[in-house]
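Structure, as structure tokens:
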Amino acid sequence: MIEAKGLTKRYGDKCAVEDLTFTVRPGIVTGFLGPNGAGKSTTMRMILGLDRPTRGSVTVNGKPYAAHRTPLREVGALLDARAVHPGRSPYHHLLALAQSNGLPRSRVLDVIEAVGLADIAKRRTGRFSLGMEQRLGIATALLGDPHTLILDEPLNGLDTEGIRWVRALLRDLAARGRTVFVSSHLMTEMALTADHVVVIGKGRLVADRSLASLVADSGHSSLEDAFVDLTSGAVEFPAPTQNGSHS
Amino acid sequence: MSVMRAELTKFRSVPSTAWSLLSALTLIVAFGVMYAMVRVTRPPADPTGFDAVEVSLAGVQVAQLAVGILGVMVITNEYASGLIRTTLAAVPRRIPVLWGKAAVLATVIFTLCLPAVFGAFLSGQSVLSAERLDISLDEPAVARAVVGGALYLAVVAVIGLGLGTILRHTAGGVAAVIGFLLGPQMLTGFLPAELADDMYRWLPSPAGLAITTTAPGSTLLSPWSGFAVFLLYAAGLLTLAAWRLRRHDA
Ligand SMILES: Nc1ncnc2c1ncn2[C@@H]1O[C@H](COP(=O)(O)OP(=O)(O)O)[C@@H](O)[C@H]1O
Ligand SMILES: [Mg+2]
């Protein structure tokens with residue numbers, strides 16, 4: 001369970017996230033949608049205690065993230081799959097994280113197996129493809145067998161097979177009662193993955209509802225249209241209009 | 001303790017660590033021998049003021065750059081890749097990460113550099129013995145100077161870590177650690193001679209290096225007070241680094 005109340009973040013005079021209030025419930029996949037620059041990554045960093053909110057607060061499983069003693073057992077996160085040392089192997093990357101939270105070495109081997117990196121677990125990550133890096137990122141998130149998963153654009157750069165694999169994994173985790181919060185800037189990606197969506201544009205909440213009701217109410221045939229409708233007032237760089245001029 | 005183990009795993013598992021350490025150890029011995037050779041070809045006019053230990057430990061002053069840069073990179077690498085966010089999400093109190101890195105750096109550098117400094121001393125003395133300028137390890141203060149060389153380098157690594165944590169950027173951190181170790185001495189050149197002499201002994205590197213001398217003379221602080229001053233500089237930088245790590249967004 002993730003609960004954000006009035007979450008606000010300013011960088012200088014730039015407002016990245018404005019007064020966000022929402023709840024992410026366990027047992028379902030919650031999509032976090034918004035165009036690029038909407039504030040999804042910033043929100044996730046605040047949930048993880050990495051960026052300090054300018055105003056408002058957010059808790060994970062009833063406590064601020066930083067109040068958890070061994071946070072990896074509570075929350076698994078993937079913020080940026082490329083955030084690994086190119087000279088270090090997946091095995092040592094995961095081992096160091098496990099040690100920092102008192103997790104047994106066997107967890108490292110388990111997650112390496114689970115994401116299919118066993119063959120290259122001791123190779124340096126420097127030459128990994130984005131798909132391999134995403135798998136390592138997901139292994140990192142799963143390391144502490146957490147109740148809550150927070151994944152920033154985990155489908156980015158994956159091929160069809162990879163996307164299917166991540167989708168199945170997320171649905172399976174939700175089915176086992178975990179809280180799964182996944183961001184994306186593509187509505188089509190979420191259409192097949194999420195049960196519920198929190199949609200933001202320009203840092204503000206524009207929708208927080210089930211995917212089914214969003215489609216039903218939008219009056220459009222496709223989710224893509226519903227998404228564009230919702231966020232059109234909130235996109236930073238509006239698309240050119242029919243005659244080519246900017247609105 | 002668990003964070004320290006994690007930091008040791010990280011430290012050991014990248015090839016750049018081994019390369020930095022290897023170059024530091026090589027520099028300690030090679031420059032000690034080379035400087036001893038120079039001094040043999042140009043013996044001092046007055047051998048009473050000659051510090052045979054300091055000569056053989058000249059490599060410490062070259063190796064300090066490799067060691068300081070290693071200290072910087074241990075943290076700035078994480079900022080460059082974004083790994084720091086994963087690290088701090090795993091340890092949200094943050095400060096243990098800094099202590100863990102500092103403890104690993106200081107322990108590893110001291111443990112590996114001690115035999116290298118000792119090797120530099122022995123080979124340096126064997127070179128100096130050609131002109132009968134050598135000194136034995138049994139002489140007073142000689143062992144302290146040799147151990148002091150390794151202690152100095154351990155503190156230099158921690159200073160690098162502090163500067164890297166404050167600046168969060170490899171190029172900036174490397175420039176800062178080189179500037180911190182070598183810059184102030186150069187700047188005193190712009191001051192009146194008497195004032196420059198008074199200030200020199202209080203500057204970070206000269207204060208710290210006093211521990212590697214057996215005849216500190218009038219220009220340096222006494223070995224242990226000098227080292228204490230050096231430790232104060234390191235503590236000040238680490239405090240600033242801890243504040244920066246704790247207060248600012250990752
Ligand atoms: N550290 C930062 N400093 C300044 N501006 C930032 C910072 N992080 C994000 N921003 C700005 O905040 C806005 C939201 O960014 P972000 O959260 O990355 O959006 P998203 O993940 O939805 O694409 C963007 O306009 C971005 O430029
Ligand atoms: Mg983003």
Side-chain angles (χ1 to χ4, degrees), chain A residues 9 11 41-42 44-54 60 64-103 105 108 122 124-126 136-137 140-141 143-144 150 152, chain B residues 1-22 69-70 72-105 108 164 168 170 243-250:
Chain A
K9 181 68 185 182
Y11 295 108
S41 299
T42 302
M44 288 183 157
R45 288 199 302 274
M46 287 193 282
I47 297 172
L48 297 169
L50 294 168
D51 280 24
R52 189 183 300 253
T54 309
V60 187
Y65 180 88
H68 291 289
R69 270 303 184 82
T70 48
L72 298 187
R73 292 179 194 268
E74 294 290 328
V75 184
L78 164 57
L79 290 183
D80 175 3
R82 279 152 303 171
V84 289
H85 192 296
R88 189 176 288 127
S89 69
Y91 173 77
H92 285 108
H93 173 81
L94 293 164
L95 179 63
L97 279 170
Q99 287 170 331
S100 73
N101 272 241
L103 303 169
R105 193 178 291 251
V108 173
K122 299 246 168 134
R124 291 172 196 168
T125 59
L136 175 55
T140 308
L143 187 59
I150 297 175
D152 198 2
Chain B
M1 203 57 205
S2 55
V3 177
M4 196 177 148
R5 272 182 66 205
E7 290 302 331
L8 181 61
T9 298
K10 282 199 245 174
F11 187 73
R12 286 170 29 172
S13 58
V14 293
S16 53
T17 300
W19 288 113
S20 303
L21 290 172
L22 195 66
I69 290 168
L70 176 63
V72 168
M73 304 258 287
V74 159
I75 185 81
T76 58
N77 269 341
E78 296 207 18
Y79 280 99
S81 64
L83 178 61
I84 189 71
R85 289 190 173 133
T86 309
T87 300
L88 297 182
V91 185
R93 280 154 63 223
R94 298 193 181 185
I95 304 300
V97 172
L98 187 63
W99 298 159
K101 285 184 192 294
V104 167
L105 273 169
V108 172
R168 301 188 170 185
T170 302
W243 172 81
R244 170 97 162 114
L245 187 66
R246 180 95 195 143
R247 283 294 307 172
H248 290 88
D249 290 346

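The structure displayed is predicted, hence computed values, not measured ones. By convention in this document, chain letters (A, B, ...) are assigned in the order of the sequence lines, proteins followed by strands, and residues within each chain are numbered from 1.
Taking CD of A:Q99 as the start and CE of B:M1 as the end, the distance is 11.0 Å to the nearest 0.5 Å. With rounding to the nearest 0.5 Å, the separation of CG in A:L94 from OG1 in B:T9 is 11.5 Å. A:D80 contributes atom CG, which lies 8.0 Å from atom OG1 of B:T86 (distance to the nearest 0.5 angstrom). Taking CZ of A:R45 as the reference point, atom CZ of B:R85 lies at 4.5 Å (rounded to 0.5 Å). Here CG of B:L83 is found 11.5 Å from CG of A:L79. Values are rounded to the nearest 0.5 Å.
Between A:S100 and B:A90, the shortest heavy-atom contact is OG-CB, 3.7 Å. Scanning both residues, A:G87 and B:P15, for their nearest heavy atoms gives O-CD, 3.3 Å.
The 12-atom threshold is exceeded at CZ of B:R168, counting heavy atoms of other residues, nucleotides or ligands nearer than 6.0 Å. By the neighbour-count criterion of 12 heavy atoms within 6.0 Å, atom CH2 of B:W99 is densely surrounded, having more than that number from other residues, nucleotides or ligands. Within a 6.0 Å sphere centred on CZ of A:R124, other residues, nucleotides and ligands contribute 12 heavy atoms or fewer.
When atom types are taken as modelled, the side chain of B:N77 and the backbone of A:H85 share no donor-acceptor pair closer than 3.5 angstrom. Listed for the A:Y65 side chain is no donor-acceptor partner under 3.5 Å among the backbone atoms of B:P92.
In summary, of the residues considered (A:H92, A:H93, A:K122, A:R88), a side-chain hydrogen bond (donor to acceptor under 3.5 Å, both in side chains) with B:S13 occurs for A:R88 alone.
Within residues 243-250 of chain B, the residues having any heavy atom under 4.5 Å from a heavy atom of chain A are, by residue number, B:R246, B:R247, B:D249, B:A250.
Ranked by heavy-atom pairs under 4.5 Å with chain A, the list B:G100, B:G82, B:S81 is led by B:S81. For the options B:R12, B:K10, B:E78, heavy-atom pairs under 4.5 Å to chain A are most numerous at B:K10.
Using a 4.5 Å cut-off between heavy atoms, A:T70 makes no contact with chain B at all. With a threshold of 4.5 angstrom between heavy atoms, A:L50 approaches chain B through its backbone and through its side chain. In this structure, chain A has heavy atoms under 4.5 Å from both the backbone and the side chain of B:R5. Contact of A:D51 with chain B is made through backbone and side chain together, with heavy-atom distances under 4.5 Å.
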